[in-house]
**Q** 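One structure is given below, represented as structure tokens, and several questions about it will come after.
Protein chains get the first letters and strands the later ones, always in sequence-line order, with residue 1 at the start of each. Computed from heavy atoms alone, side chains included, the values below leave out hydrogens, waters and symmetry copies.
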Amino acid sequence: MTESFSSRSLPSSGLSSERCSIEASQLVKRYGNVTAADHVSFQVYRGEFFSLLGPSGAGKTSILRILAGFETADAGTLLIEGQLMDNVPPNLRPVNLVFQSYALFPHLRVGENVSFGLEMKRVARSEIQARVNSALEMVKLLGKEKRWPHELSGGEQQRVALARALVNRPAVLLLDEPLSALDQQLRQEMQIELKTIQEQVGSTFVCVTHHQHEAMTMSDRIGVMHQGRMLQIGTPRAIYEHPANLFVARFVGTSNEITGWIETVTNGTGVMVSELKKPIVIQVSCPESIRRPQRVILSLRPEHLVLSSDECQVPAVANVVTGRVDKVLYGGHETEYVIRLSETVIWRVHLNNAERTRKPFVSGQSVRIGWHAGEGTIFPSEPPE
Amino acid sequence: MTESFSSRSLPSSGLSSERCSIEASQLVKRYGNVTAADHVSFQVYRGEFFSLLGPSGAGKTSILRILAGFETADAGTLLIEGQLMDNVPPNLRPVNLVFQSYALFPHLRVGENVSFGLEMKRVARSEIQARVNSALEMVKLLGKEKRWPHELSGGEQQRVALARALVNRPAVLLLDEPLSALDQQLRQEMQIELKTIQEQVGSTFVCVTHHQHEAMTMSDRIGVMHQGRMLQIGTPRAIYEHPANLFVARFVGTSNEITGWIETVTNGTGVMVSELKKPIVIQVSCPESIRRPQRVILSLRPEHLVLSSDECQVPAVANVVTGRVDKVLYGGHETEYVIRLSETVIWRVHLNNAERTRKPFVSGQSVRIGWHAGEGTIFPSEPPE
Amino acid sequence: MLFVVPLFIVLAVSFATRGTYGGIIWDFTLANYLDLIHPLYGRILGQSLLFATMTTMLCLLVGFPFAYYIARAPRRQQSVWLMLVLIPFWTNFLVRTYAWMLILRTEGLVNTLLVNWGMIDQPVQLLYSSSAVLLGLVYGYLPFMILPLYVACERLDPALIEAARDLYASRVAVFWRVILPLAKPGVIAGSILVFIPTVGAFITPDLLGGARTMMIGNLIQHEYLVVRDWPLGSALSFVLISVVTILLTIYATGGRHLRLDEVTR
Amino acid sequence: LAVVAVVLSSCGQAADPGSHTSGTAEVQILHYFTWSDYVGPEILAEFERREQAKVIVDVFSSNEELLAKLQSGATGYDVAVPSDFMVAIMRQEGLLAELDAAKIPNAVLLREHLQHLAFDPEQRYSVPYLWGTVGIGYDSQFITTPPDSWSVLWDSRYAGRISMLNDQREVFGATLRWLGHSLNETDPRVIEQAKRKLMEQKVLVKTYTSDHYDQLLASGEVVLAQGWGGPVARAMKDRPSIRYVVPKEGGTIWADCLVILGSAPQKDLAHRFINFLLDPEVAARTSERLLFAASPRSVASLVKPAILNNPAVYPPDELLGRLEWMRDVGQAVRAYDRAWTELKMH
Amino acid sequence: MRARWSWLRCAAWTTILFLYLPIGVLILFSFNASRLSASWQGFTLDWYWMLAHDRSLITAALNSCLIAAVSTGLALCLGVSGVLGLEGLRARQQDVIESAIMLPLVIPEVMMGVALMLFFVTIKMPLTVTTVILAHVVFNVPLVMVIVRSRLRKLDRRLTEAARDLGASRWQVFRRVTEPLLRPAIVGAGLIAFTVSLDDFIVTFFVAGPGATTLPLKVYSMIKAGITPEINALSTMVVLASMGLVGLSLLLQRKFA
Ligand SMILES: Nc1ncnc2c1ncn2[C@@H]1O[C@H](COP(=O)(O)OP(=O)(O)OP(=O)(O)O)[C@@H](O)[C@H]1O
Ligand SMILES: Nc1ncnc2c1ncn2[C@@H]1O[C@H](COP(=O)(O)OP(=O)(O)OP(=O)(O)O)[C@@H](O)[C@H]1O
Ligand SMILES: [Mg+2]
Ligand SMILES: [Mg+2]
């Protein structure tokens with residue numbers, strides 16, 4: 001809770017700027033009638049791994065390009081390492097960008113690509129050599145300096161791009177969808193690698209992604225964006241467990257939802273009547289903000305749900321709904337059950353495939369879903385956006 | 001087991017071909033010195049969803065292009081719908097291909113893209129209209145006929161490509177990495193959609209992917225490829241729970257491995273001594289094929305592992321190893337713990353985040369990992385490849 | 001077929017001898033080539049090559065910014081720009097050259113302006129100078145440089161330029177280290193398309209250069225038409241072809257691209 | 001794309017001139033291969049009306065081009081207009097058809113000095129049509145004392161204001177005459193000597209040009225120009241102070257002659273055409289338009305006096321003695337050629 | 001980026017100015033009373049009037065258009081099909097054939113002309129408009145190929161494969177997919193080819209037959225009698241006309257886009 005709270009605090013709340021390597025406040029960027037960034041404010045602390053998470057078109061890249069200096073914000077102020085960035089050209093900013101599509105120089109060999117930045121900075125030949133090597137070593141590409149970019153696999157190219165940026169020891173490293181082009185296996189490895197590297201060099205990482213799981217596993221804090229607005233900033237746990245609104249709830253994970261009316265609220269725990277065909281009573285923990293009677297949506301995370309077949313007895317849980325298994329998606333270590341509660345209400349529940357003994361549910365079978373009182377989050381049923 | 005066994009059976013095992021829409025036997029394709037397909041044999045049954053799974057460069061696309069008729073195999077025979085496909089040009093085959101990057105015609109509107117195939121087949125205008133509409137409806141794009149491809153989001157483009165192929169009612173639909181370009185949310189939706197559509201139209205789908213989870217959730221059967229060879233064919237459960245070799249084991253899911261020597265084997269269950277610093281004894285179920293004493297690798301799936309902190313008592317499991325938490329990767333509904341057993345041995349365990357009460361393990365903490373006797377799979381320690 | 005045959009005919013002719021009144025007498029001889037072994041022709045060839053090289057350079061200089069600009073302009077505009085480049089060349093070459101003579105001559109546009117602006121008090125001799133020839137040649141072959149350059153620049157991924165900027169490259173550095181190398185194919189193609197015809201050019205030197213010196217083009221022209229010594233002319237042409245081909249091969253391979261299509265890619 | 005389309009369509013109409021080559025039309029078609037503008041549109045129209053024929057004019061821009069073309073076997077032309085020395089060559093090359101004097105009554109009415117010329121003594125192949133001289137055009141404002149010798153072209157006072165023809169024979173010709181030799185000198189030593197003279201002169205020369213010295217004179221770029229009479233006369237229109245003189249050492253006389261080609265499909269019509277062009281009154285009109293002298297005797301009475309008395313167009317009779325015809329010098333041409341090239345590279 | 005942009009724009013416009021300076025002058029002098037356009041002798045439209053009545057000049061102009069258009073058309077057909085054909089071959093063969101085709105770019109014009117003339121004469125082909133067109137095709141094809149090929153290489157091969165997969169025959173693939181996608185390059189190539197052949201003198205002269213006089217031939221042969229400002233008038237019309245067409249096509253684009 002605390003994190004989730006502190007996370008909502010905006011730069012205005014005067015955090016001492018020597019702790020921050022980026023302070024963006026009220027950034028606005030318009031393209032014609034599209035507003036790519038709509039009064040976006042956030043801070044990134046020194047040495048932290050910060051992710052901008054949002055669907056395609058949310059404005060993530062735009063923000064990143066403003067940080068890098070390729071776009072100038074129409075309004076708002078941006079401080080990097082405490083300095084105002086108004087009309088500082090890209091080549092004079094203490095940041096480096098790893099491009100979504102790597103943008104490796106096709107006419108330069110791997111080594112030359114990596115050394116480019118240093119040469120531009122007129123670093124001594126000898127030092128260049130040393131730093132390039134260490135950078136390549138860090139991304140496990142030592143010995144491939146002489147290759148041409150097109151001779152590398154996607155993952156290798158990605159690492160070259162990384163090295164090319166890291167070798168400059170930037171105060172802030174910006175990454176635009178660094179892993180989007182990789183296949184799953186590589187992706188998972190690179191996620192860990194990136195994190196490790198970041199801890200090694202200890203510089204600030206700002207990473208753009210639309211891959212929720214990726215953002216969560218890598219980041220210290222995440223900023224969720226949508227339609228140019230910053231919806232929530234917080235630790236992965238915070239945004240997953242305490243989403244600020246329905247959009248975030250849906251975007252950062254599976255959200256099983258049920259609409260209903262809050263009846264009574266007694267010190268934090270309320271009673272809600274669902275709108276299903278045969279209404280059922282659900283015990284929820286609901287914030288004071290909720291006036292009653294009010295139409296609300298309860299959003300539940302799959303891991304809080306207990307699945308059991310009709311006949312066998314339900315474990316001791318407060319709330320139970322019934323449904324019919326619509327689809328069974330076998331996923332190796334876990335199986336996902338798509339369950340239909342009513343015409344319109346569809347839930348998704350993951351079950352760990354540990355107990356090989358227990359026979360799995362089959363498609364078409366009717367099941368019970370239960371959860372403990374107070375689980376899940378309540379949102380007003382007409383979300384702000 | 002049975003599936004996993006039958007799955008290994010080759011076309012030679014004379015399955016009545018009217019059940020098969022594709023029979024490929026001993027296909028060979030070489031590019032210079034690269035062998036993209038090395039005596040690949042498999043059958044695809046009518047109306048089934050078959051996936052070719054493998055890392056980049058495995059030869060998946062090559063196989064698909066042979067099926068579609070863009071490449072001719074250097075050796076081997078290919079029957080589609082019971083007919084020999086030797087020198088039948090692509091435009092005369094009863095198959096349609098959905099390309100990795102869609103390959104929509106940029107100069108044609110969505111509607112024109114979809115109707116292209118029908119016009120080529122000289123279908124009557126009126127019918128074209130009808131079929132195009134139904135196809136677009138199926139992929140939920142009705143009303144967007146007039147758009148240009150570049151005006152669509154990735155997901156929409158993907159669906160257009162699908163519609164363009166489906167509208168021809170092909171006997172076999174080939175898909176090359178159909179979802180690789182989509183972001184996670186879209187991807188999950190499309191996985192389900194694809195499956196649904198396939199069940200609707202009831203035609204055979206052959207899908208290439210390197211995304212293990214995707215293949216499992218969508219497919220009836222999966223063929224795992226590597227370096228041009230077909231390593232294993234079987235249902236998702238079969239290849240996940242009974243991988244034919246170490247590569248498959250590693251590729252289709254997380255494989256936590258420990259090397260050791262088989263000491264004694266008594267009716268199926270053997271005793272293995274690990275090679276960790278302080279050797280421990282492990283009870284395994286091991287196939288007769290294993291001669292002893294032999295060096296083997298035990299591969300365990302994460303969901304079979306039980307994690308517990310040192311002090312608190314271990315649940316009743318036969319085998320226990322100890323390690324130190326190296327990384328904690330919070331992933332929303334579950335958390336992944338990277339645990340170091342020794343310098344070289346690193347395991348990954350997922351824990352469901354259900355019980356909010358239980359305090360999670362922290363990085364650096366030393367833990368115990370336990371599992372039931374007989375869990376996991378044994379492989380000879382020098383894998384065939 | 002139609003492409004190679006002429007070449008062989010000429011090759012054959014270059015070994016024949018001249019009839020009394022021109023024309024060809026078919027008896028094999030090396031005389032023509034032997035005649036060419038004379039410093040005079042060496043100087044002529046050298047001079048022509050020099051001019052061609054300078055022209056190519058200038059075309060590059062003028063053409064690159066232009067090509068780059070239109071390549072970066074909005075799609076719709078690009079075609080218009082290209083048309084604008086081509087239209088002047090739908091008028092007659094001779095007339096265009098005459099127009100230049102009008103501009104350059106002593107009471108011509110340039111001199112008048114310069115004098116009026118007081119930059120010079122005395123009209124200067126612009127026409128009938130090698131600079132005038134250069135001007136004419138650059139003008140005449142600029143489009144052949146611009147088009148390939150445009151094609152090359154248009155393919156150039158802006159992200160690369162941004163990447164360079166992000167890696168502390170100044171604008172100049174970006175140009176030298178990124179844009180130019182990436183546009184190299186276009187540069188080479190353009191150079192070839194300009195260099196070849198300029199080596200053989202003969203009208204521009206005559207009109208704008210006052211025919212005070214001789215280019216290989218003039219010489220070949222002269223041999224073929226005035227002296228009616230086709231064998232000698234063919235021999236000359238052949239020497240020219242081989243020299244040019246060799247030079248270009250060296251140049252192109254220097255850029256790691258030999259094939260023309262490679263080059264315009 | 002629209003552009004291309006429109007152009008294409010516009011060329012649909014252009015198809016007809018091309019199709020004439022097939023010559024299938026019932027009206028006879030005459031192919032006249034000549035210098036551009038040598039025959040006025042109205043004159044052609046008149047002939048066509050008179051003969052119910054069609055005349056298609058094709059043009060060449062130098063005698064050598066004409067020869068090159070015919071030598072290599074181009075056919076289809078009826079009447080051509082080579083210059084004097086070229087007639088000789090074409091005759092030797094057997095490209096010409098014999099004329100039937102009876103069919104060209106006007107041919108006998110030529111001025112004496114144009115009859116029985118060296119390149120066609122019996123007048124069996126050619127009839128002189130337009131003729132003139134090569135001399136010096138000068139601006140009397142600058143050159144107050146009228147020059148009477150080629151030596152003025154070596155006068156350093158006019159450095160940078162002199163233009164010479166861009167034609168090796170004419171340039172050497174003038175020099176040779178000045179040095180007291182023949183235009184058609186074949187002795188390499190003499191040619192060498194002339195070359196040295198010309199090398200001295202080169203520093204004074206602004207440009208060697210055969211095509212736009214009229215402009216140069218008219219605009220005052222140059223005050224001395226070696227050139228044919230016609231263009232100089234043209235320059236006079238724009239700048240009255242221009243004068244023309246053939247130096248006392250004498251210079252070239254030239255004549256463009258009408259010939260019928262051996263391969264001519266329409267020999268009869270060709271004869272009639274030639275005869276028509278030589279008709280004094282037609283010739284006079286041509287002469288006035290082009291400012292070249294016409295060959296028939298009686299044009300004298302028909303052309304405007306202003307033109308008749310212009311020495312640039314009609315050389316005064318006393319001059320005729322000093323003029324010399326240019327002949328093909330055979331293999332000596334290589335000597336000239338080498339000398340010319342060296343001059344250019346000097 | 002701003003700064004760079006502005007100076008680039010300046011450069012561009014300067015170039016345009018450079019390209020149009022002489023054009024402006026010749027337009028100006030098309031209204032000059034002086035026949036020699038030696039100096040300004042007052043305004044007149046005579047030249048336009050004469051142009052309108054000069055049959056030979058107009059014929060020549062139309063001839064040029066015809067020849068340029070047809071030869072461009074042919075060159076495009078040959079060039080494009082040639083390029084597509086080349087794509088099929090191995091790299092090695094491609095190189096050989098290609099360098100053969102590129103020859104005409106290297107051969108001096110005169111030589112080209114003479115050679116072609118000899119060629120036609122040897123094969124007993126009467127010199128006509130046809131021969132001119134053929135000759136122009138010879139030196140236009142390489143240009144077309146160079147340009148179109150560069151585009152074809154950028155074309156995504158999977159598009160044509162997709163078409164095939166959807167049941168299109170090779171020809172249909174070309175008509176429905178390849179050609180539309182190559183169109184920009186084809187148009188560009190066409191324009192260049194058109195420009196070149198419109199202005200060619202030497203080659204044309206040698207291979208031109210009776211009745212095949214093109215504008216350049218006409219103009220060059222006018223030298224002896226003096227080039228009249230009619231040509232300026234003509235050029236002016238050409239420039240203005242093509243300008244108009246460009247404007248028109250622009251408007252059309254606007255309308256349809
Ligand atoms: N150069 C541009 N011109 C016009 N609109 C633009 C431009 N760049 C971005 N946009 C618009 O701004 C919005 C945000 O774009 P942006 O690229 O920042 O989104 P994103 O979050 O990066 O999306 P993605 O995940 O697909 O990269 C989008 O609607 C996009 O269409
Ligand atoms: N046209 C080609 N020429 C040469 N080698 C090729 C060609 N196409 C494929 N290969 C090689 O054949 C092997 C298999 O390629 P293929 O594309 O089938 O792999 P894939 O499984 O599709 O990989 P990916 O998942 O990256 O698409 C690779 O090593 C590749 O380099
Ligand atoms: Mg982006
Ligand atoms: Mg593939």
Side-chain angles (χ1 to χ4, degrees), chain C residues 2-7 9-10 13 62 65-66 68-70 76 79-80 82-96 98-100 102-103 107 109 139 142-143 147 151 155 171 189 192-193 196 200 217 220-221 224-225 230 233-234 237 240-241 244-245 259-261 264-265, chain E residues 4 8-9 11-12 15-16 18-23 25-26 29 37 39 95 98 100-112 114-116 118-119 134 138 145-147 149-150 153-154 188 191-192 195 198-199 201 215-216 219-220 227 231-232 235 238-239 242-243 246 250 253 257:
Chain C
L2 213 51
F3 307 106
V4 198
V5 167
L7 195 62
I9 297 181
V10 176
V13 173
V62 181
F66 187 71
Y68 186 76
Y69 178 74
I70 55 181
R76 174 106 19 92
S79 53
V80 181
L82 288 180
M83 284 302 297
L84 276 182
V85 174
L86 283 182
I87 287 176
F89 297 83
W90 291 7
T91 63
N92 180 274
F93 174 77
L94 203 59
V95 183
R96 285 199 304 271
Y98 271 53
W100 271 116
L102 292 176
I103 295 171
E107 290 85 25
L109 191 63
Y139 181 83
L142 195 53
L147 195 87
V151 173
R155 282 174 45 242
R171 293 207 179 85
I192 290 176
L193 290 186
I196 291 172
I220 294 177
Q221 190 77 355
Y224 266 104
L225 291 182
W230 290 7
S234 309
S237 311
L240 178 61
I241 293 177
V244 167
T245 320
R259 290 156 50 199
L260 275 177
D261 70 293
T264 39
R265 273 241 306 283
Chain E
R4 151 191 230 99
L8 263 178
R9 178 176 285 107
T15 318
I16 287 291
F18 172 62
L19 286 175
Y20 279 85
L21 185 58
I23 305 302
V25 170
L26 70 84
F29 275 85
S37 37
S39 55
D95 294 358
E98 185 166 33
I101 290 172
M102 292 309 157
L103 265 177
L105 290 180
V106 195
I107 304 176
E109 277 190 294
V110 197
M111 178 170 160
M112 189 75 192
V114 173
L116 281 170
L118 290 177
F119 176 64
L134 283 180
V138 169
M145 290 188 73
V146 171
I147 296 166
R149 185 137 194 225
S150 66
R153 285 303 181 82
K154 276 187 284 166
L191 286 175
I192 283 277
T195 312
L198 200 58
D199 211 13
F201 165 60
L215 196 56
V219 173
Y220 281 87
I227 292 182
I231 306 299
N232 297 13
S235 314
V238 171
V239 171
S242 30
M243 289 275 192
V246 174
L250 251 188
Q253 278 184 346

**Q** Please classify the contact of Val239(E) with chain C as side chain, backbone, both or neither, using a heavy-atom distance under 4.5 Å.
**A**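 Contact with chain C is through both the backbone and side chain of Val239(E).
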**Q** Locate the shortest heavy-atom distance separating Ile87(C) from Met243(E); write the atom from each residue and the value.
**A**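 Looking at all heavy atoms of both residues, the shortest contact is CD1-N, 4.0 Å.
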**Q** Using non-hydrogen atoms and a 4.5 Å limit, figure out which bit of Val13(C) sits close to chain E: side chain, backbone, both or neither.
**A**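 Contact with chain E involves the side chain of Val13(C) alone.
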**Q** Show, in sequence, the C-alpha distance, side-chain angles and deciding distance for Leu21(E) and Trp100(C), and conclude whether the side chain to side chain contact (heavy atoms under 4.5 Å, CB included) test is met.
**A** CA-CA 8 Å; Leu21(E) 185 58; Trp100(C) 271 116; 4.1 Å; yes
**Q** Would you check if the side chain of Tyr20(E) reaches a backbone N or O of Leu84(C) as a donor-acceptor pair within less than 3.5 Å?
**A**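 Side chain of Tyr20(E) to backbone of Leu84(C), a donor-acceptor pair under 3.5 Å: yes, one is there.
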**Q** Looking at Ile220(C), Leu102(C), Leu147(C), Val244(C), which has the largest count of heavy-atom pairs under 4.5 Å with chain E?
**A**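 The option with the most such pairs is Leu102(C).
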**Q** Select, from Gly217(C), Pro143(C), Pro65(C), Pro88(C), the one with the greatest count of heavy-atom pairs under 4.5 Å involving chain E.
**A**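 Sorted descending by pairs with chain E, the first entry is Pro88(C).
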**Q** Just how far is it from atom CG of Leu191(E) to atom CE of Met83(C), taken to the nearest 0.5 Å?
**A**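 So the CG of Leu191(E) and the CE of Met83(C) are separated by 5.0 Å.
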**Q** Do you know which of Ile192(E), Leu26(E), Thr15(E) has the most heavy-atom pairs under 4.5 Å to chain C?
**A**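 Result: the option with the highest number of such pairs is Thr15(E).
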**Q** Of the backbone (N, CA, C, O) and the side chain (C-beta and beyond), which part of Leu198(E) lies under 4.5 Å from a heavy atom of chain C, both, or neither?
**A**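 The side chain, not the backbone.
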**Q** Under 4.5 Å from any heavy atom of chain C, what part of Tyr220(E) do you find: side chain, backbone, both or neither?
**A**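 Contact with chain C is through both the backbone and side chain of Tyr220(E).
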**Q** Among the options Tyr139(C), Tyr224(C), Phe89(C), pick out the one with the most heavy-atom pairs lying under 4.5 Å from chain E.
**A**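 Looking at each option in turn, the highest pair count goes to Tyr139(C).
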**Q** Could you go through Phe93(C) and Phe201(E), starting from their C-alpha distance and side-chain angles, then the distance that decides it, and tell me whether this counts as ring pair (Phe, Tyr, Trp, His ring centres under 6.0 Å)?
**A** CA-CA 9 Å; Phe93(C) 174 77; Phe201(E) 165 60; 10.0 Å; no
**Q** Would you say the side chain of Ile16(E) lies within less than 4.5 Å of the side chain of Phe66(C), judging by non-hydrogen atoms?
**A**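 Sidechains of Ile16(E) and Phe66(C): in contact.
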**Q** Any idea which of Leu240(C), Ile70(C), Thr91(C) has the most non-hydrogen atom pairs under 4.5 angstrom with chain E?
**A**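 Answer, by heavy-atom pair count under 4.5 Å with chain E: Thr91(C).
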**Q** Please report the interatomic distance CZ(Arg96(C)) to CG(Asn232(E)), rounded to the nearest 0.5 Å.
**A**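 Those atoms lie 12.5 Å apart.
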**Q** Specify which of Ile231(E), Thr195(E), Leu215(E), Val238(E) makes the most heavy-atom pairs with chain C at under 4.5 Å.
**A**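 Greatest number of close heavy-atom pairs with chain C: Thr195(E).
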**Q** Are the side chain of Tyr69(C) and the backbone of Ala11(E) linked by a donor-acceptor contact shorter than 3.5 Å?
**A**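 Looks like no, no N/O pair under 3.5 Å.
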**Q** Measure across Val25(E) and Ala99(C) and return the closest heavy-atom pair with its distance rounded to 0.1 Å.
**A**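 Scanning both residues completely, I find the closest heavy atoms to be CG1-O, 4.2 Å.
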**Q** Among Thr245(C), Asn92(C), Ile241(C), which has the most heavy-atom pairs under 4.5 Å with chain E?
**A**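 The residue among Thr245(C), Asn92(C), Ile241(C) with the greatest pair count is Asn92(C).
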